[in-house]
Structures are given as C-alpha cells and as structure tokens.
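Atoms within each ligand, like the ligands themselves, are counted from 1 in listed order.
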Amino acid sequence: MRIKLKLTFGFLLAAALFVAAPCFSEPEWVLLWEDQFNGRELDEARWRVEDAALIKNNEQQYYSPEEVYLENAMLVIRSQKIARNGRQYTSGLVETAGKFSRKYGRFEARARLPRGKGIWPAFWMLPESGDWPPEIDIFELLGHAPSTIYMTCHWGTWPDKKHKGRMFTGPDFTAGFHDFALEWEPHEIRWYIDGQMAHRVRENIPHEPFYLILNTAVGGNWPGSPSSTTVFPQYFYIDYVRVYAQEFPNAWYLIHSADNGRITASPLLDVYPSGMQVTLTADPAIGYEFVGWSGDVGGGENPTVVKMDRHKKVEAIFRGLSNPPALISGNASVTVSSLESAELAGANLTDGNLRTRWSSRFADPQWACIDLGQEYLIDAVRLEWEAAYARNYELQVSQDGKTWNTVRANNSGWGQTEEITGLNTIARYVQLYGIERATEFGYSLWEIEVFGREPEGR
Ligand SMILES: [Ca+2]
C-alpha cells in the first residue's frame, strides 16, 4: 500500500510537471469579464462615464456623458467641435474604475479608431490604487497617422517616471475594425494586433490590479491641436471588450454578465475553490424585469445557488416592462436634515440636473425626504451619488410624512448610481435615511429619482 501510494504520487507529480511546463509559455485563458455592448444603454455596473474637463497634457476636450452611447451593439465615443465648460471640443471617456480591476490577464478589444489631426484615441489601464505611474497603454493612435499604433508601459515613482514603448505600422486602423490584445503575466507583457505579437516587455512589470479606460482625447501636447483638415464629428467604435484570466488547477472562475440589470455574487472572490456554493442575485434596471438564468444555471429562481466544481458562466436575462414606471419625482418638493452650505440645497435633488447636488453636514444620521404631492404606487428609486456616498442607509416611505416604513436597507452601499427596484409600495413620501457615511464628508447626491405610477382605481 505504501509503495503504491509512493508510485502514484510520483506519477502524479511527473504528470503535473509535464502538463504544467508548457503553460508558462502558452497560458490557457478563461473568459472572465466582457461587454459586447448589446444593451440599450451603457451598463453602469461595468463602466463609469467621465463628466469633467480633466487637466492633463493640455488636452482640449470636455469629457461629456452625451458623447458616449451604444449603437448597433457597439460602444460609440464621439468627438465634436462644441465649446463646453471652457473647452473647445466635447469627447468621451469610459473606465471600469471602482467596478472592475484585475492583476494579470488578457485584455482585448475590437475597435475602429477615429482619425484626423489632434484626435487621440486610446485603450489603456491604470492602477486601482490611484497611483501614477504605473500605466499600461494597450493602444494609442494619433489621428494624423492612422496606420501607426503606440504600445507603452510607464513605471517608476512620481516624479521619477519612466516609460518605454514601441510603434507598430500596419493598415489604416481608422478604416475598419481591428483586434487589439494585451497579455500580462507576472514575468512578461505582450501586445497583439490582429493576432500577431507586436511588442513584448520583460522588465518593470507592474504587480497590482489595474482598471480599463477607453477614450478619445482632442488636442494636447502629444497630438497637437486639430487643424482645418480635421473632420468633426469623429467616432471611436468599440465592438467588444473582454478580459481573460489564466487557468489554474482546481480553481474556478465565475463569469457572469447581464444587460439591463446586474448580478451580485456572494461570496465574491476572484477565484473559487472546488465545491463552494455561491449565491447569485439578479437585480433588474428600472423599467426591466428578471425573466430567468441562462448558461450554467437554469430556471427562474432568484436568488439562486451555483456550485463551483468547474468554471461557471451565468447570464441573467431581463426584459423591458410593457408598461414601465414613469419618473414621478420631477416636481417633488424636498426637505433635508441639514446642509453643508446654502447652495447645496435639497431642491437640487429633484431638479433633473446631474451637476447640482445636495450635501449634508459631516455627521450621522442625515436624511432627505421627497414629497411626491400625492400617493403613488412606487416601483423604484434611483440614487445618483456624488463621491461622498453612504455605506449604510435605509429607504423609507410614508403616507403622512410622520409614520415611516423601511422598504429597503443597504449596509454595503458602493456609491455612484444605485437603483432600488421592485418596491411595489403605495406612499406619498420617500425618504433616504443615511445611517453611516462612507467618507469623512456628508451625504452628497446629484439626484434622487422616484419611479412609479398612479395607484389602480384612482
Ligand atoms: Ca440635481
């Protein structure tokens, strides 16, 4: 028995070495995260959209959410010659900061790039930690030279920053779609253009999670300003973005995706040990309903449980409601517990303007109460948080503004846009009750939107 065990172990070890050795040069990649841009709107669970005049490289664009949209199952970043907020041009930037980041992996996009003097499209990555450098540029292109791709790594410690890259000259990358990929391993980073390796580095490899960025800058130190030959608008089309992780023995990835809604996995791990049970919850976007699961989980149970005994790919199917709830808080009056300053008033919460906000004093608890003016059947609430969000809050409703009923509690708030759906409650007042702040600042929101309809029988 003892001998047999020894032999078996020796055989397994040899087999493992035999199998493992080639993996270093040619890793097996497992699809971990993707966006095919098939939804009606850009998925806020995956992407953050910039709305700012970033001060970088003397660039001349204002990054406006209006310049980022989905069309024909593609992400479109449009650049126009429109003056806004002190800048001469509008353009778009999307990133996965705070939503998805990854250390090592294969990162790819299929895209058709914009062109013209002063036009500077890029697909790149920055550390989730907020440090700079490092930076990895999967591709950059200067619109006056539409056949040249730049691939660059930045490293060092500010202000002692260094970078090294390579140019690749090929076809006109603004005339059709091309495949761009980056394979990042602990010992090496490789760049691929249309499946061919175009660049490789083995020094100054970063070892921390990075998030993804897609944008078109206009003007700036590197490309120079647009000229009279630059045609506007310009369009940066992205067919898909995919991220793959390397395969490891007995470690399983849970790959989930949803258009028009989101999936929450609990526990949430990068990689799962064999046999672990994971609970999946599907939450539709406002105006949608959950229909069922597809992929490696079936049925319509929500939440559902998936057992991790191999890589699992799960999709949640949502369908648009035939009678979606309407915005009912457009003319609502607002009362709040306190103000940070007079101009950050409660009325800013329902003015339909995503540049005006309410901010409370820097203390707990705080509340904002929306008076809808009459009773409605309330279906959903959308919270548009500024950077100072709530970690722990309750959503409360009331018929009379005195007696409150908690309809949803959230002690793991993550800020940005939070949609609370499926409320199905009749009330005149809706109150956001903040219990614990996530930052040292107050509670700060651009907008609170309530969706619903007239109660039946009125
Ligand atoms: Ca507002």
**OP:** Output the atom name for the N/O/S atom of E447 with the smallest distance to the Ca ion (ligand 1).
**Re:** OE1
Subject >> From CA spacing to verdict: side chain to side chain donor-acceptor pair (under 3.5 Å), R48, Y211 >> reply: CA-CA 11 Å; R48 190 189 81 84; Y211 61 87; over 6 Å; no
**OP:** Indicate if the distance from the Ca ion (ligand 1) to the nearest N, O or S atom of W446 falls below 3.0 Å.
**Re:** yes
**OP:** Evaluate whether atom CD of Q277 has more than 12 neighbouring non-hydrogen atoms of other residues, nucleotides or ligands under 6.0 angstrom away.
**Re:** yes
Subject >> K103 bridged to E208 by N-O distance under 4.0 Å >> reply: no
**OP:** Let me see the working for F180 and F173 under ring-ring contact (aromatic ring centres under 6.0 Å, His included), right down to the final yes or no.
**Re:** CA-CA 11 Å; F180 301 92; F173 293 99; 5.8 Å; yes
Subject >> Metal site the Ca ion (ligand 1): N/O/S of D351 inside 3.0 Å >> reply: yes
**OP:** Using the Ca ion (ligand 1) as the apex, give the angle to atoms OG1 (T356) and O (N353), rounded to 10 degrees.
**Re:** 80°
Original post:
Counting backbone and side chain alike, does N348 bring an N/O/S atom below 3.0 Å of the Ca ion (ligand 1)?
Top reply: yes
**OP:** Run the ring-centre check on W124 versus W191 and record whether the distance is less than 6.0 Å.
**Re:** no
